[in-house]
Protein chains: 2
Amino acid sequence: MIDSPAGSPAPLVRVGDDFEDEYPGASALATECYANLVRAADLLVGLHNRHTSDRYQLSPSARGVLAVVEGAGQPLEPTVIAERLMVTTGSMTSLLDNLEKRGLVRRLPHPDDRRKLLIDITADARAIVDELLPSLHARERDVIGAALTPSEQRALLVSLAKVQRAAADARSAPAPEGAGRRRPPRLEADPPE
Amino acid sequence: MIDSPAGSPAPLVRVGDDFEDEYPGASALATECYANLVRAADLLVGLHNRHTSDRYQLSPSARGVLAVVEGAGQPLEPTVIAERLMVTTGSMTSLLDNLEKRGLVRRLPHPDDRRKLLIDITADARAIVDELLPSLHARERDVIGAALTPSEQRALLVSLAKVQRAAADARSAPAPEGAGRRRPPRLEADPPE
DNA sequence: TATTGTTATACTCTATAACTATA
DNA sequence: TATAGTTATAGAGTATAACAATA
């Protein structure tokens, strides 16, 4: 049903001509928007993640911790970092363990409450962030700038805002019922290789 | 630097006013497109993944295996499935182990080559896919349809095609040099709690 | 020799629940 | 009692490399 031709120049994900027959009530256009939004984001995230991992051996989550603490401009409690990254405190402990082993963060005692900690990043981490963030932002400028004019970029942002709003609203709604499916007559689809 | 207000109605991710001063050469507009494309996709993927996991206890990768085999309309070799999902054959073995344990796929001997297998999905899996895909496509229709008019959807697709192309081109290009960074004077940013 | 799939191993991310020490 | 963080355990996903069977 969802099909993307094998060529490397990566065209859009398309659904088949029979899509709306196979899925009564579905919208081929909406599904293609959905699939291609996800695909575009995967490609973009992949660029950032690959760069971060190749150059600095940082996982996406580890980068997130450094970016949050560095962005705050001051040490933060583990719980605060965990909330911003939307992970549990148990997961945060192990992320911080790894970063501390590598000398990128320090656990400092909290001056006011001896149950708490303050997480600070080291000079090494600051050096990484100072090199990494400019190159990520340069990549963002290059890729988006190569694809879209400023006015297209503004229009894209407007659409993305509406999609984000609709998706956020859908989170609290029950999943919709599908209207069933008509399996296509598989005459001789897609030879096995 | 990247900041998204805490309210639940989820507005756009924005960069600060000082962004282009802090990162010389960067484009605030491009970075916002990048960040919000990723955020919108995360929200959309999250809806699908949550539904798939809650209702059918299927991980995204497991769902991918079923969708690929079901979509092919016939049994496929593990290597072919692995290529389509972009995972190694070692990873595919463990995905298939899990699915086979749950009675959702079968490993059949390949008639022509005794090194190979053919992976088929069971009636149980077909029942899941027949229920799952229509509800995912209904969600796509509802969310995208609530956000954008058909004409906006077509415009979005055009932009996404260009972004995908640029991102695919960037994959084989070297990472751009960042033009350095000017740290903002952290007077009293972001109180710790 | 080359290919297919498995095994063994390892690492990251993630979660939950029990636990310690503080408050 | 309640909170902050850790530990222990578990499971998914991913990868690499060595391996057996087959081509």
Side-chain angles (χ1 to χ4, degrees), chain A residues 42 45-46 48-50 52-54 56-69 75-102 104-120 192-193, chain B residues 42 45-46 48-50 52-54 56-69 75-102 104-120 192-193:
Chain A
D42 277 349
V45 167
H48 276 10
N49 286 352
R50 185 157 59 97
T52 305
S53 162
D54 287 356
Y56 304 101
Q57 289 77 50
L58 285 177
S59 68
S61 296
R63 181 183 69 202
V65 172
L66 296 187
V68 163
V69 177
L76 296 178
E77 299 161 25
T79 304
V80 173
I81 308 172
E83 278 165 5
R84 298 213 185 155
L85 297 181
M86 308 226 292
V87 299
T88 62
T89 59
S91 301
M92 186 50 53
T93 295
S94 84
L95 285 170
L96 294 175
D97 286 346
N98 288 339
L99 287 167
E100 197 174 37
K101 261 180 240 153
R102 291 189 47 191
L104 297 177
V105 305
R106 264 187 307 246
R107 286 171 157 107
L108 307 174
H110 194 291
D112 301 343
D113 185 335
R114 288 198 294 174
R115 292 172 304 180
K116 295 183 178 178
L117 294 175
L118 284 176
I119 304 302
D120 197 8
E193 188 67 356
Chain B
D42 277 350
V45 166
H48 276 10
N49 286 353
R50 186 157 60 97
T52 306
S53 163
D54 287 355
Y56 305 100
Q57 290 75 50
L58 285 176
S59 68
S61 297
R63 181 183 69 203
V65 172
L66 297 187
V68 163
V69 177
L76 295 178
E77 299 160 26
T79 304
V80 173
I81 308 172
E83 279 165 5
R84 298 210 186 158
L85 298 182
M86 307 227 293
V87 299
T88 62
T89 59
S91 300
M92 186 50 53
T93 295
S94 84
L95 284 169
L96 294 175
D97 286 346
N98 288 339
L99 287 167
E100 196 173 39
K101 261 180 240 155
R102 292 188 45 190
L104 296 177
V105 306
R106 263 185 307 243
R107 286 172 159 105
L108 308 174
H110 194 291
D112 301 341
D113 186 335
R114 288 198 295 173
R115 293 172 304 180
K116 296 183 179 179
L117 294 175
L118 284 177
I119 304 302
D120 196 9
E193 185 71 359

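Just so we're on the same page: letters track the sequence lines, and every chain starts at 1.
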B/E83 atom CD is separated from C/dT4 atom C1', nearest whole Å, by 12 Å
Subject >> Distance test, side-chain N/O of A/T89 to OP1/OP2 of D/dA4, below 4.0 Å >> reply: no
Atom CE of A/M92 and atom P of C/dT14 are separated, to the nearest Å, by 8 Å
Side-chain contact check for A/R115: nearest option of D/dA4, D/dT22, C/dT6 is D/dA4
From CG of B/D97 across to C1' of C/dG5 the rounded distance in Å is 11 Å
From CG of B/D112 across to P of C/dT4 the rounded distance in Å is 14 Å
query: Does A/R114 make a side-chain donor-acceptor contact with the base of C/dT22, cut-off 3.5 Å?
result: no
Taken to the nearest whole Å, CG/B/N98 to P/D/dA10 is 17 Å
Ranking B/T88 and A/R107 by the position along DNA chain D of their nearest nucleotide, the one closer to 5' is A/R107
Output for pair (A/L66 CG, A/S61 OG), nearest 0.5 Å, gives 11.0 Å
A/R50 CZ to D/dT14 C1', in whole Å, measures 17 Å
Fill in: Distance below 4.0 Å between A/T93 side-chain N/O and D/dT6 OP1 or OP2
yes
**Request:** Please determine if a side-chain N or O atom of B/T79 lies less than 4.0 Å away from the OP1 or OP2 oxygen of C/dT4.
**Result:** no
In short, A/R84 meets A/L76 closest at the heavy-atom pair NH1-CD1, 4.2 Å
Against the side chain of A/S94, the closest entry in C/dT14, D/dT14, D/dG5 is C/dT14
In whole angstroms, the gap separating P of C/dT14 from CG of B/N49 amounts to 14 Å
Between B/I119 and B/V69 the two heavy atoms that sit nearest each other are O-CG1, 3.6 Å
Of A/D113 and A/M86, the one whose closest nucleotide on DNA chain C sits nearer the 5' end is A/M86
Whole-Å distance, A/L118 CG to D/dA4 C1', equals 12 Å
Closest of C/dT22, D/dG5, C/dG5 to the A/E77 side chain is D/dG5
Across the strands shown, which category fits B/S61 at heavy-atom distances under 4.0 angstrom: base, sugar-phosphate, nothing?
sugar-phosphate
Discussion item. Determine whether a donor-acceptor pair (N or O, by modelled atom type, separation under 3.5 Å) exists between the side chain of A/S53 and the backbone of A/N49.
Written reply: no
Between B/L85 and B/M92, does the side chain to side chain contact (heavy atoms under 4.5 Å, CB included) criterion hold? Intermediate values first, please. CA-CA 9 Å; B/L85 298 182; B/M92 186 50 53; 4.1 Å; yes
